[in-house]
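The model shown is predicted, which means the values in this text are computed figures rather than measured ones. Letters A, B, ... mirror the listed sequences (proteins, then strands); counts begin at 1. FYI, side chains are in, hydrogens and waters are out, and symmetry mates aren't considered; it's all heavy atoms of this structure.
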Amino acid sequence: MIDEHKLRRPDPVYRAASLVVNNQKRAKLQKQDLYAFMEQLAVAALDVNDVDTCDRTIDVLRETFPSSSRVKRLEGMSLEAKGRVDDAVAVYGKVLEEFPSDQRAMKRRVAALASAGRDKEAIEALAKYLDTFMADTRAWERLAGMYQERGAYRQAVFCWEEVVAAEPSVHYHHRRLAECLYTLGTEEDLRAARKYYAAAVDMSNASDVRALYGLALTDNRLTRKGKVKGNPDQPVDGDGQVPVTELGQHAAGLLRKMYAAGEKIGASKPGLCAIVEGQLKTLLDA
Amino acid sequence: MKYTLSDRAYCKLILHALKHPLRSVCGALVGRCDGDVVQVIDAIPYLHTTVATAPNAEIALEQSCAYAGSGGNALVGYYHANERMDDDRMSKHAAKIADCVERNGGAPGGSACALLVDASALAEATERGTGRAAVRLLVKKGAGWERASDQGDLRVGGGANAKLAALARDGRAKAVFDFDDHLDDITADWRNLALNEELD
């Protein structure tokens with residue numbers, strides 16, 4: 001189930017896979033399933049810092065599949081866990097020589113470079129990977145994050161746009177694009193951020209709290225920019241009709257309802273409503 | 001300037017880092033100034049996902065500042081744990097948030113501090129409860145944050161690591177909620193009121 005949902009939960013996987021692999025007769029597994037579980041065990045073992053179990057499992061797998069790229073990838077991961085990142089990158093390089101379109105080896109190489117702090121190389125490698133495999137949305141997300149870490153927000157926006165284009169009905173993609181635009185902070189970016197925050201609120205049925213706050217924050221920024229420019233009037237939206245703070249006010253209303261409901265049913269301890277109210281007032285002069 | 005770190009603040013920030021071992025985490029330090037000693041009495045965990053973008057940090061700063069003020073305290077510092085074990089720098093984004101705390105918080109000019117979790121001391125501190133405190137003190141020098149030349153300026157309680165190890169063993173890292181958790185589900189309380197009682 002963990003595998004199905006692509007989660008990373010090393011502790012339960014490690015325990016369960018150990019049990020299954022060490023009690024093969026009782027588990028009554030097919031050979032195919034057994035090897036898949038061994039692979040999961042090897043990876044989980046690395047996450048819980050049991051490199052010995054990982055290496056022993058790899059040895060067994062290597063005997064059965066001597067020229068497998070999957071096994072070689074596990075060897076690379078074991079080297080990474082031991083801190084031998086250059087050796088790991090070399091292993092992935094060899095796999096790619098033999099299997100030039102092995103996507104997982106490419107991505108492992110990026111991960112190894114990133115974990116060694118070789119960020120620039122990791123970004124280059126991931127960008128090159130996406131030149132070929134541009135439908136890999138998770139890879140676009142990762143690249144966006146890496147650009148953000150380096151402060152390259154414009155490039156990150158490009159990546160988030162790819163993510164939004166690939167999965168347009170997922171609210172938090174819109175929201176994360178908005179967060180990146182907000183961070184850039186020019187008036188044009190803030191107006192764009194506002195649209196994406198609004199889309200996120202719409203798609204999530206107003207349950208995306210970050211997007212609701214985001215609308216209030218964005219409207220505050222736009223208002224301040226308007227005042228700095230010396231506009232005596234309230235800054236307005238694109239078509240010149242709607243005052244800029246309308247969305248922010250609406251979002252604030254929804255937030256207030258949410259927090260009040262939380263306190264009312266006792267799920268939240270008292271005090272938060274007042275703090276949130278304080279922030280919303282400051283942001284929207286409400 | 002000298003800094004004292006309460007058990008509550010120390011344990012909470014380390015548990016926050018332990019809860020998210022694969023990511024960088026950050027938060028603010030709450031306390032008050034008493035002459036030339038800054039007493040850090042609490043930590044408010046901020047983020048474990050979006051440290052590099054602005055809006056969520058802004059929400060966290062504003063609300064934690066109000067909360068600290070309501071208790072007669074102020075934001076006196078910032079803490080950060082890097083994603084990678086061997087990374088002992090303050091990243092640009094971490095420095096930005098720390099600067100914000102320093103400018104708008106309650107520590108008088110130049111006395112806000114930053115704590116960077118020291119991964120090399122974590123194992124001993126959290127597994128055996130011994131060894132030095134798993135944090136390094138940084139102070140503002142010019143435009144940047146640098147390691148304080150005298151780490152002895154940071155006083156951590158003698159029994160803090162033992163307490164930390166016991167909490168880590170009992171899996172209490174799971175009980176730390178930060179702003180990111182709160183923004184995912186507003187019933188997750190970043191004030192960690194229940195946990196505070198355990199940590200004191």
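Rounded to the nearest 0.5 Å, atoms CG (B:L183) and CG (A:D208) are 9.0 Å apart. Residue B:S70 holds its OG atom at 5.5 Å from CD1 of A:I275, rounded to the nearest 0.5 Å.
Applying the 6.0 Å contact sphere to CZ of A:R104 captures no more than 12 heavy atoms from other residues, nucleotides or ligands. Taking a 6.0 Å sphere around NZ of A:K257, one finds it holds 12 or fewer heavy atoms contributed by other residues, nucleotides or ligands. When the shell of 6.0 Å around CZ of A:R142 is examined, it contains 12 or fewer heavy atoms from other residues, nucleotides or ligands. Taking a 6.0 Å sphere around CZ of B:R89, one finds it holds 12 or fewer heavy atoms contributed by other residues, nucleotides or ligands. For NZ of A:K120, the number of neighbouring non-hydrogen atoms (other residues, nucleotides, ligands) closer than 6.0 Å is 12 at most.
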Inset, instruction - Take A:Y213 and B:E62 through the side-chain contact (heavy atoms from CB on, under 4.5 Å) test and state the conclusion after the steps. - result: CA-CA 12 Å; A:Y213 274 115; B:E62 177 81 37; over 6 Å; no
Inset, instruction - Would you sort out whether A:V209 and B:H182 count as a side-chain contact (heavy atoms from CB on, under 4.5 Å), showing the intermediate values? - result: CA-CA 9 Å; A:V209 181; B:H182 177 74; 5.9 Å; no
Inset, instruction - Show your working on side-chain contact (heavy atoms from CB on, under 4.5 Å) between B:E58 and A:R221 and close with a plain yes or no. - result: CA-CA 12 Å; B:E58 289 181 14; A:R221 283 267 174 114; 2.6 Å; yes
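Closest approach of B:A52 and A:E149 over heavy atoms only: CB-OE2, 3.7 Å. Taking all atoms of both residues into account, the shortest heavy-atom contact from A:L217 to B:I59 is CD1-CG1, 3.8 Å.
Side-chain atoms of A:R210 come within 3.5 Å of backbone atoms of B:D180 as a donor-acceptor pair (strictly under, hydrogens ignored). Of the possible polar contacts, none joining the A:T183 side chain to the B:T53 backbone as a donor-acceptor pair under 3.5 Å is found.
Contacts between A:Y147 and chain B at a heavy-atom distance below 4.5 Å are absent for every atom of the residue. For a residue to count as touching a neighbouring chain, one of its non-hydrogen atoms must lie under 4.5 Å from one of that chain's; by this rule A:R176 does not touch chain B. When heavy atoms are compared at a cutoff of 4.5 Å, A:Y259 approaches chain B by way of both its backbone and its side chain. Heavy atoms closer than 4.5 Å to chain B are found nowhere in A:A156, neither backbone nor side chain. Using a 4.5 Å cut-off between heavy atoms, A:A274 makes no contact with chain B at all.
Using a 4.5 Å cut-off between non-hydrogen atoms, the part of residues 185-200 of chain B that approaches chain A consists of B:I186, B:T187, B:D189, B:W190, B:R191, B:L193, B:A194.
If you tally non-hydrogen atom pairs under 4.5 Å between each of B:A66, B:P55, B:A54 and chain A, the highest count goes to B:P55. Ranking B:D184, B:D87, B:D86 against chain A, the residue ahead of the rest is B:D184, based on heavy-atom pairs under 4.5 Å. With chain B as partner, the option from A:G278, A:G185, A:P270 having the largest number of non-hydrogen pairs under 4.5 angstrom is A:P270. Your options are A:S115, A:C180, A:G262, and the one with the most heavy-atom pairs under 4.5 Å with chain B is A:S115.
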